[in-house]
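Below, chain A is the first sequence line, B the second, and so on; all start at residue 1.
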Protein chains: 2
Amino acid sequence: MLTQSEENYLKCIYHLSSKSNGAINTNAIADSLETKAASVTDMIQKLANKGLASYVKYKGVNLTNKGEKEALKVVRKHRLWEVFLVKELGFNWDKVHDIAEQLEHIKSTTLIDKLDKFLAYPKFDPHGDPIPDANGEIAPNPTTTLSILKPGDVCTVICAKDTSSDLLLFLDRINISLGTQLEVVDYLEFDGSYSVKVDNGNPITLSTKVAENIFIDKL
Amino acid sequence: MLTQSEENYLKCIYHLSSKSNGAINTNAIADSLETKAASVTDMIQKLANKGLASYVKYKGVNLTNKGEKEALKVVRKHRLWEVFLVKELGFNWDKVHDIAEQLEHIKSTTLIDKLDKFLAYPKFDPHGDPIPDANGEIAPNPTTTLSILKPGDVCTVICAKDTSSDLLLFLDRINISLGTQLEVVDYLEFDGSYSVKVDNGNPITLSTKVAENIFIDKL
DNA sequence: TATTATTTTTAGTCTTATCTAAATTTATAT
DNA sequence: ATATAAATTTAGATAAGACTAAAAATAATA
């Protein structure tokens, strides 16, 4: 059984690994977890002893298959809880991270699988990051944006392209969030703007730039 | 900010206090938490120093108002999560305790208040124990049982009188659980049995004894 | 290449929450 | 009332996870 701290380190190394290639160095982990390099050294040695990481002194650390599997379980839990918090409890996209950081450590495979089912097996979290399934499989990143749709097309929103932008705030204001259904009513050649019904409400206008930054699932 | 361990001690002392009067002794807490008396002494001294408990050496411990307030917050969280697990995720009554033991320590007042709202402010958990509201107020224990109803009366199920019995298993089998709607169709003088529609389905028969052990809210 | 700067690791300390064993207090029984 | 039993507390130890300061290894630079 992994401790909360071990899980946090595994998740951190997993995230850093997916951003760069090669071994992850001590300081990067320390920065990311807001801890000190000495603490990191201690922990990665522990993880290596447990067969969760491969570690070469002074060279850095990588997850083993076993370690990556555990990291993915934590990521899965984190993102499913985020979906729950946003879609079911009505939290905003930008307010759920800290709570999900806690919920991701609840121990119960049954719980998380039932939660997954309850949420109808979402593929992406409210920030647009993919949710590993029960086997650790991750859906490919979404590629389809609102801007490819034609009048009459209907879709659901997966996420925004740029997670940390004003766009999220704008979308919040016009009530567009994860899972929102959109219908393209009209496309105006003149300025490239889209007329879109949000959840079958009155049509609103979205610019090309906005449309190009909303990932969608075409229905 | 309380640690997980402090919260567990507070909750334990709260529960023991509600079962007996006078100060709670060290061994009772140790038994309940499956720890050793020496550990309990350490912790209750710590709680006393924080103003959460009043403690007299060799005499036992009681919660202060402040301590009871904190304990009630934990109890509230525990029981709300139990409702969520049973009503929303489809867990059985008897399988939720261990998971709720973990969830009760998630730190976020907003979260728990949103969860409360999401669950439509339940007054009792799946075991029939009352859920403190956001101010720590507890509803009085239910007193009305199914056996006082007349044909035509409709009610919802609050809980079973005897929590740790075969009755729960029986009720599970006939799909009666927290919040289930019942309608009394007929009462048979001959053997005191009730004919009852469960969620507007086909009528089934319940004995007097069963009817006397189901707490209900009359509608 | 030699020297300095940076990174990483080691060694030793601290805190929290445990534990065991011993000492002390309270309760029980002759 | 006094000896014995039971309960409780103290003292000291341990483990996890963090820290600081110092040592060692690697990287960068003159």
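With sequence neighbours excluded, the residues that form a side-chain contact (heavy atoms from CB on, under 4.5 Å) with B/Tyr121 are B/Asp116, B/Lys117.
Going from atom CD1 of A/Ile24 over to atom C1' of C/dT8 covers 15 Å, rounded to whole Å. Following rounding to the nearest Å, B/Glu7 (CD) and C/dT16 (P) show an atom-to-atom distance of 16 Å. Rounded to an integer number of Å, the gap from A/Glu34 CD to D/dC19 P is 11 Å. Between B/Asn8 atom CG and C/dT18 atom C1' the separation is 14 Å, expressed in whole Å. To the nearest angstrom, C1' of C/dT18 lies 15 Å from CD of B/Gln4. Between B/Ile29 atom CD1 and C/dT18 atom C1' the separation is 16 Å, expressed in whole Å.
Considering only heavy atoms from C-beta on, B/Leu115 comes within 4.5 Å of B/Ile112 through its side chain.
The local environment of NZ in A/Lys218 is sparse, with at most 12 non-hydrogen atoms from other residues, nucleotides or ligands closer than 6.0 Å. Within 6.0 Å of atom NZ in B/Lys107, more than 12 heavy atoms from other residues, nucleotides or ligands are found, so the atom counts as buried in its surroundings.
Using cut-offs of 30° and 60° on the angle between ring planes, the pair A/Phe84 and B/Phe118 is perpendicular. The aromatic rings of B/His78 and B/His97 sit tilted, their planes meeting at an angle between 30° and 60°.
Nearest heavy atom pair, residue B/Phe170 against residue B/Leu206, reads CE2-CD2, 4.2 Å.
Counted by atom type alone, B/Thr145 and B/Ser147 present one or more donor-acceptor pairs between their side chains at under 3.5 Å.
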For nucleotides 4-11 of chain D, list the nitrogen or oxygen atoms of the protein found under 3.5 Å from its nitrogen or oxygen atoms, one pair per line.
| residue | atom | partner | partner atom | Å |
| --- | --- | --- | --- | --- |
| D/dT8 | OP2 | B/Asn27 | N | 3.0 |
| D/dT8 | OP2 | B/Asn27 | ND2 | 3.2 |
| D/dT9 | OP1 | B/Tyr55 | OH | 2.3 |
| D/dT9 | OP1 | B/Tyr58 | N | 2.9 |
| D/dT9 | OP2 | B/Thr26 | OG1 | 2.8 |
| D/dT9 | OP2 | B/Thr41 | OG1 | 2.9 |
| D/dT9 | O5' | B/Tyr55 | OH | 3.3 |
| D/dT10 | OP1 | B/Lys57 | NZ | 2.5 |
| D/dT10 | OP2 | B/Gln45 | NE2 | 2.7 |

Restricting to nitrogen or oxygen on both sides, can you table the protein-nucleotides 13-15 of chain C pairs closer than 3.5 Å?
none

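Looking at heavy-atom distances under 4.0 Å, A/Ser5 makes contact with sugar-phosphate atoms alone, never a base.
Contact annotation: B/Lys36 reaches the phosphate of C/dT20 (side-chain N/O to OP1 or OP2, under 4.0 Å).
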- Message: Between B/Glu70 and B/Lys73, is the salt bridge (Lys or Arg N to Asp or Glu O under 4.0 Å) condition met? List the steps.
- Response: CA-CA 5 Å; B/Glu70 293 300 329; B/Lys73 280 191 203 169; 3.5 Å; yes
